[in-house]
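Lettering follows sequence order; numbering is per chain, from 1.
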Amino acid sequence: MKFLDEYRDEALATKVVDEIRRTVTKPWVLMEVCGGQTHAIVKYGIDRLLPEEVELVHGPGCPVCVTSLEMIDKAHAIAQRPDVIFCSFGDMLRVPGSDVDLLVLKSRGADIRVVYSPIDCLKIARANPDKKVVFFAIGFETTAPANAMSVWQARQQEIKNFSILVSHVLVPPSIASILQSPLNRVQGFLGPGHVCTIMGYREYEPIAERFRVPIVITGFEPIDILQGALMAIQQLEAGTHEVQNQYARVVQRDGNRVAQDLVNKVFEVCDRKWRGVGSIPKSGYKLRYEFHEHDAERLFNVKEIDTQESSTCISGLVLRGVKKPHDCPAFGKQCTPEHPLGATMVSAEGACAAYYVYGRHLEAKNGGRSSGDADRTSSSLTAEVA
Amino acid sequence: MGKANFGGIVKQVCLEYTPEAKVDDYVLVHVGFALSTIDEAEAARTYELLKEMSQLQELEVPEIREAMSGGP
């Protein structure tokens, strides 16, 4: 397929890896921000193609993972109401709240539906005028234009029985928070290509400057990720800290202005609690007051719920790049994608789930390679690309 | 709304955010919305750069390897 297959070319990947080997002279720690990038890295074994000096740690960019337990419990409280049709992206259904998940509630009779797009909910709302249709609006900046459009159209079309439960998160405050932490090990970032498709990358420039870290806006195919890593390493070796754009076929410096305009009309920035990380100032979106008729949190007046996370789970440290999935005693044992203890095992984009799905827990059990080991092979790339 | 072909599967896609998109353009789609039209010229340029880099490498490999083993 055009603009995909050429970015999975094995021979080209090998060349970029060789160039990285030639460039690197000392150890560097890079963080890929997006869950989609983490998934590609583990799927294609990109971390094992890189020279041992280069360590990839996995970032907070999995929207399902970072949705707070309080917000999931609120979703559950709303979804259980007999007058509600609760709509969500599929991967939120298995996320454990304090008690159960949405799938269990559905099996107990709650009307919970999986939608492909928030716009689908408007159709459901029109077809069910006696019900209240609520969409669980999670996600990063990438998803905000779609969610904003659903509310905008609901108002234009006077669909009064549609509301959204907003749990939007923003990337720049989260990476600034990672860099400010005394535990931080990250020296350069592979920036979030799809978030920047919407937002552009101007807002990353002050972060690169302030913390003196290179940030390379990077795509999601193996060649994209390898080239992003190469560009970041070239900067680290040269001692520069610029924002660069590897994903120029999709991302422009100013982003998508049309989308930004509607997002800003519908949402405003607010403080947001991240699962496993805690509250980060100005790191989320909430609905503007003028759209309060479509604000599920307000309409259903869900009270703050006292929540309890698993005490063994280290997902907060994994999300900040301080620990790897292997470092957790529960990984692949008590904690699996079927029975996740925490955020990063829940979604396919979570680092723990990616490690599990691609069999890294088996290697760990066998006393084999960990992510830091020197035994690197191109076989995994060959297998997937061929 | 428009129709987008995902490697054989055709779906309705909202084009509100990509007013510049024309028939036969490639678009990046997320949850039913086209978010960006793929810049073919930029894609070709990046790809050529990568290929060029690898050609240069082939020419330079022995020299660079020597230099690396000898110096810091």
Between B:L35 and A:H194, is any pair of side-chain heavy atoms under 4.5 Å apart?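 Sidechains of A:H194 and B:L35: no contact.
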- Close side-chain approach of B:I38 and A:V250, heavy atoms under 4.5 Å: yes
Paired with B:H30, the side-chain hydrogen bond (donor to acceptor under 3.5 Å, both in side chains) test is passed by just one of A:T143, A:T142, A:T197, namely A:T143
query = CZ of A:R126: more than 12 outside heavy atoms within 6.0 angstrom?
reply = yes
| said: Quick check on B:E42: does its CD atom have over 12 non-hydrogen neighbours (other residues, nucleotides or ligands) under 6.0 Å away? | reply: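 Check passes, neighbour count above 12.
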Distance col, row B:F33:CZ vs A:I198:CD1, nearest 0.5 angstrom, shows 10.5 Å
Contact listing (chain B partner; residues 115-124 of chain A; heavy atom under 4.5 Å)
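Listed by number, the contacting residues are A:Y116, A:S117, A:P118, A:I119.
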Within residues 10-22 of chain B, the residues sitting under 4.5 Å from chain A by heavy atom, in sequence order, are B:K11, B:E16, B:Y17, B:P19
Check: With chain B, which of A:A11, A:G255, A:G139, A:A248 has the greatest number of heavy-atom pairs at distances under 4.5 Å?
Finding: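 The answer is A:A248.
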- prompt: What residue, out of B:V27, B:L28, B:V31, B:D39, has the most heavy-atom pairs lying under 4.5 Å from chain A?
  reply: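 Among the listed options, the one with the most contacts to chain A is B:V31.
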